[in-house]
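This report concerns only the one structure given below.
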Amino acid sequence: MRNPGFIFPVLLSLAATGVAAGEKLYVPELSRQVQPGPDRYVTEEDGVTVLNFTAAAIGENTVAIPVDPALLAGRMVTLSGEVAQTDVSAGPHPWNGVRLALKLVDETGRLNMPQAGSVSGSAEWTVRRVSVKVPDKLKSAAIVLGLDWVAGTARFRNIAITEEALPDYAACTVTGSADRTDVRYRPGEEMRFSFLLQENGRPAAGKLRITRYGDDGKTETFDMETKPGVPAVCRTSLARPGFVMVKAVLLDREGKVVNRSWANRFCPVEFGLGACVGPETLKQGVPEPADFDAFWRKAKAELAAVPMQVLEKKLVKETDISRVYDVKIAAPGKRPVSGYLTIPKDAKPGSLPLYLHFHGYGVQSAEVVESKDAIHFFINAHGIENGREPEYYRDLAKGELNGYGFKNDENRQPDTCYFKNMILRNLRGLEFARSLPEWNGKETYLQGGSHGAFQTMAAAALSDGITGCEIGIPWLCDLGGVEVGRLRGWRPDYAPGLGYYDTVNFASRVSCPVTITHAGLSDWICPPSGVWVLFNNLKGKASMTMYQGLDHAFYPGYNHDTASRHTYTK
């Protein structure tokens, strides 16, 4: 495993040479220059040559394609190529991974190997680039492609070296702001959204594609060239109650969306903003089912028909704070309640409050949450095993639980919807936790984010005596909003059976205090209109903090600590 050597700084101004900026200096002929073998081969796909690498185990599987050093010496150059990858493992060092690099050796023998960013896992075809100022006196040069001390599959196409210093996309971010913190506007009033491009934290020039989406059904897109420090401004308005969401995405010189490595994934370099008109007047797009309460009374009767039986309470470990148990409890359906229960050491009977936790969408283990002054029970959404090897969850996610909750045939009727038994397991988990002798008999708090917020609201709506709920970026809100033209988000297709699981319908039956710790004005998973309908439907004391720039997950350019925000209370 080798260190790539000293990395010359990536410079951004164009060199003064006789070659026009952007002109290709060198394009390798992959089919002629790469010796095929069992772990590397060349294919032709739609007339484009593709170089393929595979590795079953960690090791070095790269090729070095020589380049005439006279072509590059003294120039500002960019190596670019399109890369796709499948199941690439993490490397032992930061510089290991899918290799797209220039190997430059100057006259003193000093090695420089600038390389494009790399991530583990899988990714579709993505343009990756690296720019560098080449020394005036260059002894040798080569393009290095392949898998560097990682396993998996990597594919390369359209490899080229051009004379130009493109922005270092791995260091680019887009930031933005609205013209007010409280983003409520009057009908027809102008909303102004400003976006800036930065590179390594400094103002930069580039091209942004700005798209305006709205609950009025209108979508508008335009491209704008930006200058350093001069914002690209989108001006729009909304004539009726609802939300506008505006996104700015960085484009490269060919007009393609720029992706960069972030949190071990490739994501667009973008920033989103939002604003609204009359959000306090918003109502759900489709009324709740007339028999909503009757359905859940019947479902709870089905739960009561299954005796509350602890199938397993296995001590997993002891920490300085608590004892950790892996618990299974009988419940309706094919799986029991499962989760991690933590009880502080030396807890006295009737002395502790209870916290129930629910996790986000996905197939995973419950988490261990502990504190010295409370009982914590983290309930698995699926009743599956906890603490298992990654392959166990991956196989379930690809197989039996693939796309759970999104199956249209299941969602036509409430009894066949996947979420029914999930909620009944949560209610049984609450029943079990309240039977613990250490519980003080008074305080019960529920917590969850996204898919976990949906579960939190359902459990609070269908239970008595909940002290308080804390949720974030709540999912499955206002599923019928699409029927009146609101932004869809990422959720199942609307179906009649889903009305019994809409988070806003549960919210209207929650009377305890609720804190929505964070919601995103540019959340493309859980659009803000649905979140605000949930807030409007809450009957008790509530507060909600909406963040400007917040999508469902953090991304380059967004800083949660400094993001503009506004808190609303009722």
Side-chain angles (χ1 to χ4, degrees), residues 4 7-8 10 19-37 39-55 60-73 75-86 88 95-105 112-119 122-134 138 140-148 150 152-170 252-261 266:
I7 304 296
F8 287 107
V10 176
V19 182
E23 182 177 332
K24 287 184 172 63
L25 294 173
Y26 182 70
V27 177
E29 297 183 42
L30 299 175
S31 59
R32 296 178 57 184
Q33 294 172 300
V34 176
Q35 184 69 32
D39 55 1
R40 69 188 68 153
Y41 55 94
V42 174
T43 57
E44 292 290 327
E45 301 176 16
D46 298 324
V48 178
T49 301
V50 178
L51 178 57
N52 305 266
F53 291 84
T54 62
E60 185 171 9
N61 180 15
T62 61
V63 296
I65 302 173
V67 180
D68 182 356
L71 287 175
L72 310 183
R75 302 184 188 275
M76 185 70 74
V77 303
T78 294
L79 170 66
S80 65
E82 294 179 68
V83 183
Q85 62 187 65
T86 304
V88 172
W95 56 82
N96 300 129
V98 177
R99 180 79 81 185
L100 173 63
L102 273 175
K103 183 178 181 180
L104 305 173
V105 179
N112 179 27
M113 189 174 284
Q115 65 182 34
S118 176
V119 295
S122 301
E124 298 297 328
W125 286 110
T126 304
V127 177
R128 304 186 193 179
R129 294 184 172 89
V130 61
S131 297
V132 65
K133 174 65 169 66
V134 180
L138 192 63
S140 66
I143 298 172
V144 181
L145 307 173
L147 295 167
D148 181 68
V150 291
T153 299
R155 311 174 72 216
F156 300 82
R157 69 186 185 191
N158 295 326
I159 307 299
I161 299 176
T162 55
E163 180 174 32
E164 60 183 328
L166 293 172
D168 180 8
Y169 291 136
D252 64 16
R253 62 187 301 274
E254 289 87 23
K256 296 180 180 179
V257 172
V258 171
N259 291 278
R260 62 169 285 191
S261 174
F266 274 98

Residues which pass side-chain hydrogen bond (donor to acceptor under 3.5 Å, both in side chains) with Arg40, listed by chain and number, not counting sequence neighbours: Asn61
Glu44 and Thr49 side chains, donor-acceptor separation under 3.5 Å: yes
Separation between CG of Leu71 and NZ of Lys24, rounded to the nearest 0.5 Å: 14.5 Å
Counterpart residues, salt bridge (charged side-chain N to carboxylate O under 4.0 Å, His left out), relative to Arg260 (two or more places apart): none
Gln85 side chain reached by Leu147 side chain, heavy atoms, under 4.5 Å: no
Pairing residues for Glu29 by the salt bridge (charged side-chain N to carboxylate O under 4.0 Å, His left out) criterion, not counting sequence neighbours: Arg32
Pairwise distance CG(Asp68) to OH(Tyr26) - rounded to 0.5 angstrom: 9.5 Å
Test item: Asp46 side-chain N/O and Val48 main-chain N/O as donor-acceptor pair under 3.5 Å: no
Glu124 atom CD, neighbour heavy-atom count above 12 within 6.0 Å: no
Between CG on residue Leu79 and CD1 on residue Ile143, distance to nearest 0.5 Å: 5.5 Å
Check: Gly146 main-chain N/O paired with Thr62 side-chain donor or acceptor under 3.5 Å: no
Value rounded to 0.5 Å, distance of CG in Asn112 from NZ in Lys103: 12.0 Å
Test item: Asn52 side-chain N/O and Tyr41 main-chain N/O as donor-acceptor pair under 3.5 Å: yes
Spacing of CH2 belonging to Trp95 relative to CE belonging to Met113, to within rounding of 0.5 Å: 12.5 Å
